[in-house]
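So that the names make sense, note that chain A is the first sequence line, chain B the second, and so on, each numbered from 1.
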Number of protein chains: 2
Amino acid sequence: MTGLSRQTPASFKQGGLSRIQEKNRSLILEAALGEFSRKGFSGATVERIAAEAGMSKSNLLYYFSSKEAIYEATLAHILEVWLAPLKTLDPLGDPADELAAYIRQKIELSAKFPEASRLFANEVMQGAPQILPVLETDLKRLVMEKCRVIEDWIEAGRMRPVDPVHLIFTIWATTQHYADFSVQIRALTGKDLSDPDFQRETEASVTALILNGAGLKWPAESDAGA
Amino acid sequence: MTGLSRQTPASFKQGGLSRIQEKNRSLILEAALGEFSRKGFSGATVERIAAEAGMSKSNLLYYFSSKEAIYEATLAHILEVWLAPLKTLDPLGDPADELAAYIRQKIELSAKFPEASRLFANEVMQGAPQILPVLETDLKRLVMEKCRVIEDWIEAGRMRPVDPVHLIFTIWATTQHYADFSVQIRALTGKDLSDPDFQRETEASVTALILNGAGLKWPAESDAGA
DNA sequence: GTGGGATTTGACCAAATGGTCAAGATGCAA
DNA sequence: TTGCATCTTGACCATTTGGTCAAATCCCAC
């Protein structure tokens, strides 16, 4: 009787996705991440996404109603992972340790999910058409909260007075740079974050530069190898 | 007699472009920069570029034989400007002054030509299909040369031992971040580099962070206002 | 002013691509 | 096994878009 349910993947009835749906949506999102990050939204084709996910274009459009819907889902899927590390910045911890840990996590993400980084960068560079609202609300609230944490550290004389928001931008910029510009980095150094040695070297350099720039001792006293 | 010259803008005969050609090529390149930086290569349309340049699509294709040709010309046009500042890093100057000047120039570029920055970022993020050769030759040579300069400063004990290539990457990352992610920055701070006050503030923060991170005194002694 | 090359454009074409649809295949509960 | 909902697909369509072409129109040296 219902002519309606036909084009709706049984789906959301009460949030329960069927086994097949679970698998296919997951395959699609993974393929979409690769395609969108490689080609950008406009350059990506649903045909290629479908092929990479191992199904027909028609079938893909059975699970996601449009190219834009796939894009939004992909973006939402990575956004939480992407912004998570900042939340761990602990006001009660040691400033140097906390910032070092944050930088390490961000570089870890850049190393493990360079495609997500590029997709995010692409979205923001195009004017953040999909995620601007999130940036202006959730992210802004989070950043302001963590800026307050840093300000408190500064007022307590535990680090040099730096503008917290620029400190955060600098951390974002540097860590994401290694993912987004990996081709350039490989062209210049012959390596990128996929090389564990290079990842360690990058982490050490970036952390030392930023922490010392913020007036924190780094590496912390301990054995500083040759 | 020559059926050949017809589709070739009188052009290159000996490098002399006619007045009209000069004007139109310039209009096209400016329009293309806007369109490509806003939409990326795939998202851009020659129709819109032509409209923005105030001419018909057919006429645009009279000056550039294809969309890709416009893209290459646009990229080549900005590339020299983009890489110029690094060349000014003077081995004979004071490390702090030299690096501060370099950072200032890069931020100046990000403020004045954010579209060029985004176009460049886009190109590299897609794998640098057009400019990879340049990166691997000219840019690599330049970077290695300047790394040597920094190493000499370090060996002379004039700055903390830092990996020069990571120092350069950090400067690139931070300065370009303010152009490429200006939408995010505006969402979080309400301002961006188009605001002169924000530009000064950014320059001061970034310079202080990086130079102090590199073990250099900054700001140099002088009146440090309240 | 005039002839011929430079410039400009509208009409047109072919390929790529997002999306629809109806029919067929598959999985599963009874 | 059978009936029905879920799942899958090939055929098809409309639009967008990069690019061509022949016919104007413009510009300028003579």
For this session: Kindly assign one of parallel, tilted or perpendicular to the pair B/Tyr71 and B/Phe41, based on the angle between their ring planes and the thresholds 30° and 60°.
Result: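 Answer is perpendicular, since the angle exceeds 60°.
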Of all the choices, [options], which nucleotide is nearest to the side chain of [X] once you look at every atom?
X: B/Leu61; options: D/dT20, D/dT17, C/dG18; value: D/dT20
X: B/Lys67; options: D/dT9, D/dG18, C/dG18; value: D/dG18
X: B/Lys57; options: C/dT7, D/dC7, D/dG19; value: D/dG19

For the pair made of [atom1] in [X] and [atom2] in [N], what is the distance, rounded to whole Å?
X: B/Ile70; N: D/dG18; atom1: CD1; atom2: C1'; answer: 10 Å
X: B/Arg25; N: C/dT8; atom1: CZ; atom2: P; answer: 13 Å
X: A/Leu60; N: D/dC7; atom1: CG; atom2: P; answer: 14 Å
X: A/Phe64; N: D/dC7; atom1: CZ; atom2: C1'; answer: 15 Å
X: B/Glu47; N: D/dG18; atom1: CD; atom2: P; answer: 9 Å
X: B/Met55; N: C/dA6; atom1: CE; atom2: P; answer: 18 Å
X: A/Leu27; N: D/dT8; atom1: CG; atom2: C1'; answer: 15 Å
X: A/Tyr63; N: D/dT8; atom1: OH; atom2: C1'; answer: 8 Å

For this session: Using heavy atoms to find the nearest nucleotide of DNA chain D for A/Ser56 and B/Ser66 separately, return the residue whose nucleotide is more 5′.
Result: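 Its nucleotide being nearer the 5' end, the pick is A/Ser56.
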Exercise. Start at the 5' end of DNA chain D and walk down; is the nucleotide closest to B/Arg48 or to B/Ser58 reached first?
Worked result: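 Comparing both residues, the 5'-ward one is B/Arg48.
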Exercise. Centre of A/Phe181's six-membered ring, under 6.0 Å away, within 45 degrees of the axis: is that where NZ or CZ of A/Arg118 sits?
Worked result: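 So A/Arg118 doesn't make the cation-pi contact.
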Exercise. For A/Tyr102, is the NZ or CZ atom of A/Lys87 found under 6.0 angstrom from the centre of its six-membered ring and inside 45 degrees of the ring axis?
Worked result: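 No; the conditions do not both hold, so A/Lys87 does not lie above the ring face of A/Tyr102.
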Please state whether the phosphate of [N], meaning OP1 or OP2, lies under 4.0 angstrom from any side-chain nitrogen or oxygen of [X].
X: B/Arg19; N: C/dA6; answer: no
X: B/Gln21; N: C/dT7; answer: yes
X: B/Tyr62; N: D/dT20; answer: no
X: A/Asn59; N: D/dG10; answer: no

For this session: Any pair with a residue in residues 164-190 of chain B that passes salt bridge (charged side-chain N to carboxylate O under 4.0 Å, His left out), sequence neighbours left out, goes on the list, sorted by first then second residue, please.
Result: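 Output for this query lists B/Arg186-B/Asp192.
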For this session: Could you check B/Glu201 against A/His166 for side chain to side chain donor-acceptor pair (under 3.5 Å), going step by step and ending with a plain yes or no?
Result: CA-CA 9 Å; B/Glu201 175 191 325; A/His166 287 290; 3.1 Å; yes
Problem set entry | Min side-chain heavy-atom separation B/Ile70-B/Tyr63 under 4.5 Å |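 Counting from C-beta outward, B/Ile70 and B/Tyr63 never come under 4.5 Å.
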Problem set entry | Contact check, side chains of A/Thr174 and A/Leu209, non-hydrogen atoms, under 4.5 Å |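 The answer is no, as the side chains (C-beta and beyond) never meet within the 4.5 Å cut-off.
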Exercise. What residues, two or more places apart in sequence or in another chain, satisfy salt bridge (charged side-chain N to carboxylate O under 4.0 Å, His left out) together with B/Asp195?
Worked result: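 With neighbours one apart ignored, the set is empty.
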Exercise. Base, sugar-phosphate, or nothing for A/Ala44, non-hydrogen atoms under 4.0 angstrom?
Worked result: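 Here A/Ala44 touches the backbone only, sparing every base.
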Exercise. Under a 4.0 Å heavy-atom cut-off, which of residues 28-38 of chain B touch DNA chain C?
Worked result: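 None - not one residue of the stretch has a heavy atom sitting under 4.0 Å from the strand.
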